[in-house]
Amino acid sequence: MSLTAVLASVNARADRTSPTGLWKNMDDVSGKPRALIRITESGGMLLGRIEKVFPGPQEDPNPRCTKCEGTNKDAPVVGLEILSGLSREGGEYVGGQILDPDNGKVYRSKLRLSDNGKKLDVRGYIGVPMLGRSQTWLRQE
């Protein structure tokens, strides 16, 4: 096996143990794709930005976060940071926030990899994790 193949194999395995990469967000109600989110790590904290949206036939192809507050008010959804401040704790990433561009609200969040790193279980909640909603995101790269 060549050195390049070995390194590529190691990198592929590393990707499955970390949520960094590109993920497809699936709507928790309709089950349809909503966006592509790029998760990166900086200083031990995860960040996630929307790279692409999949609007429905009656939706704006270039949506803005009209219900957001502060610096995100009316910001384009593409490029919007929706995940921030998550750090690893055991098998989960916790302590961060997730922004829902549909309603402009910010929730506490936690993430957990599943299905051998192919899926990301994303939970946004207020107070305790039982009071929230979940989505499953699918790894794209």
Side-chain angles (χ1 to χ4, degrees), residues 1-56 58-141:
M1 182 180 261
S2 74
L3 179 58
T4 304
V6 170
L7 291 175
S9 173
V10 169
N11 286 339
R13 270 187 261 128
D15 286 345
R16 292 195 175 177
T17 62
S18 168
T20 59
L22 188 65
W23 296 88
K24 186 185 296 182
N25 159 303
M26 307 300 289
D27 187 276
D28 51 321
V29 176
S30 71
K32 295 181 180 180
R34 294 290 294 156
L36 292 178
I37 297 105
R38 169 88 48 199
I39 297 178
T40 58
E41 185 175 346
S42 177
M45 300 290 205
L46 295 180
L47 305 169
R49 287 191 187 280
I50 296 177
E51 284 196 357
K52 181 178 179 176
V53 293
F54 301 103
Q58 305 301 318
E59 295 178 321
D60 184 348
N62 299 304
R64 295 189 165 274
C65 197
T66 58
K67 295 181 180 177
C68 288
E69 297 178 359
T71 59
N72 289 332
K73 177 72 175 158
D74 294 322
V77 171
V78 173
L80 194 64
E81 184 179 284
I82 63 166
L83 282 173
S84 62
L86 291 142
S87 61
R88 187 177 192 129
E89 187 176 291
E92 295 182 327
Y93 290 81
V94 299
Q97 298 180 348
I98 187 165
L99 167 67
D100 183 342
D102 291 335
N103 65 22
K105 294 184 180 178
V106 177
Y107 301 94
R108 293 178 68 188
S109 63
K110 72 177 189 172
L111 310 176
R112 178 185 293 259
L113 288 165
S114 63
D115 195 16
N116 198 25
K118 295 176 188 172
K119 294 181 181 178
L120 187 63
D121 301 318
V122 180
R123 182 101 178 132
Y125 58 94
I126 297 172
V128 294
M130 291 187 334
L131 303 175
R133 70 181 230 224
S134 296
Q135 291 183 336
T136 298
W137 296 1
L138 306 174
R139 188 182 291 276
Q140 301 301 293
E141 61 177 48

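The residues of the chain are indexed from 1 along the displayed sequence.
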request  = Step by step, work out the side chain to side chain contact (heavy atoms under 4.5 Å, CB included) result for Gln135 and Ile98.
outcome  = CA-CA 12 Å; Gln135 291 183 336; Ile98 187 165; 5.9 Å; no
message = Go through it in stages, so that I can follow the logic: the residues are Glu59 and Val53, the test is side chain to side chain contact (heavy atoms under 4.5 Å, CB included), and I'd like the CA-CA distance, side-chain angles, deciding distance and then a yes or no.
response = CA-CA 11 Å; Glu59 295 178 321; Val53 293; over 6 Å; no
Step-by-step side chain to side chain contact (heavy atoms under 4.5 Å, CB included) determination, Asp121 to Ser134: CA-CA 7 Å; Asp121 301 318; Ser134 296; over 6 Å; no
_If you apply the rule side chain to side chain contact (heavy atoms under 4.5 Å, CB included), what do you find for Ile82 with Asn25, and how did you get there?_
CA-CA 12 Å; Ile82 63 166; Asn25 159 303; 5.5 Å; no
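You'll find the side chain of Leu83 stays beyond 4.5 Å of the side chain of Leu46, heavy atoms only. Side-chain contact between Ile126 and Lys105 is absent, with no heavy-atom pair separated by less than 4.5 Å. A 4.5 Å side-chain heavy-atom check between Arg38 and Glu141 finds at least one atom pair inside the cut-off. Arg139 places a side-chain heavy atom less than 4.5 Å from the side chain of Leu113.
Residues Leu47 and Ser42 come closest through the heavy atom pair CD1-CB, 4.4 Å. The minimum heavy-atom distance linking Asp102 with Lys67 is given by the pair O-CD, 3.4 Å. The heavy-atom pair separating Met45 from Ser87 by the smallest distance is SD-CB, 3.8 Å. Taking every heavy atom of both residues into account, Thr17 and Tyr93 meet most closely at O-OH, 4.0 Å. Scanning all heavy atoms of the two residues, the minimum distance from Pro76 to Arg64 falls at CD-NH1, 3.3 Å. For the pair Pro55 and Pro61, the tightest heavy-atom approach, listed with the atom from each and the gap, is CG-CA, 3.7 Å.
Once rounded to the nearest 0.5 Å, the distance linking NZ of Lys119 with OG of Ser114 reads 6.0 Å. Taking CH2 of Trp23 as the start and CD of Glu51 as the end, the distance is 14.0 Å to the nearest 0.5 Å. Note: Arg123 CZ to Leu111 CG = 12.5 Å, rounded to the nearest 0.5 Å. A distance of 8.5 Å separates SG in Cys65 from CG in Asp74, rounded to the nearest 0.5 Å. The structure places CG of Leu99 at 10.5 Å from OG of Ser109, a figure rounded to the nearest 0.5 Å.
Formation of a donor-acceptor pair under 3.5 Å by the Arg112 side chain with backbone atoms of Glu92 is not found in this model. In this structure a side-chain-to-backbone donor-acceptor pair under 3.5 Å is present from Arg108 to Gly127. A donor-acceptor pair under 3.5 Å is formed between the side chain of Asp27 and the backbone N or O of Ser30.
Residue Glu89 qualifies as open at atom CD: its count of foreign heavy atoms under 6.0 Å is 12 or below. The environment of Lys73 atom NZ is dense: over 12 non-hydrogen atoms of other residues, nucleotides or ligands sit within 6.0 angstrom.
Between Arg88 and Glu41 there is no salt bridge, since none of the side-chain N atoms of the basic residue sits less than 4.0 Å from a carboxylate O of the acidic one.
Just one residue in the list Val122, Leu138, Thr136 forms a side chain to side chain contact (heavy atoms under 4.5 Å, CB included) with Met26, and that residue is Leu138.
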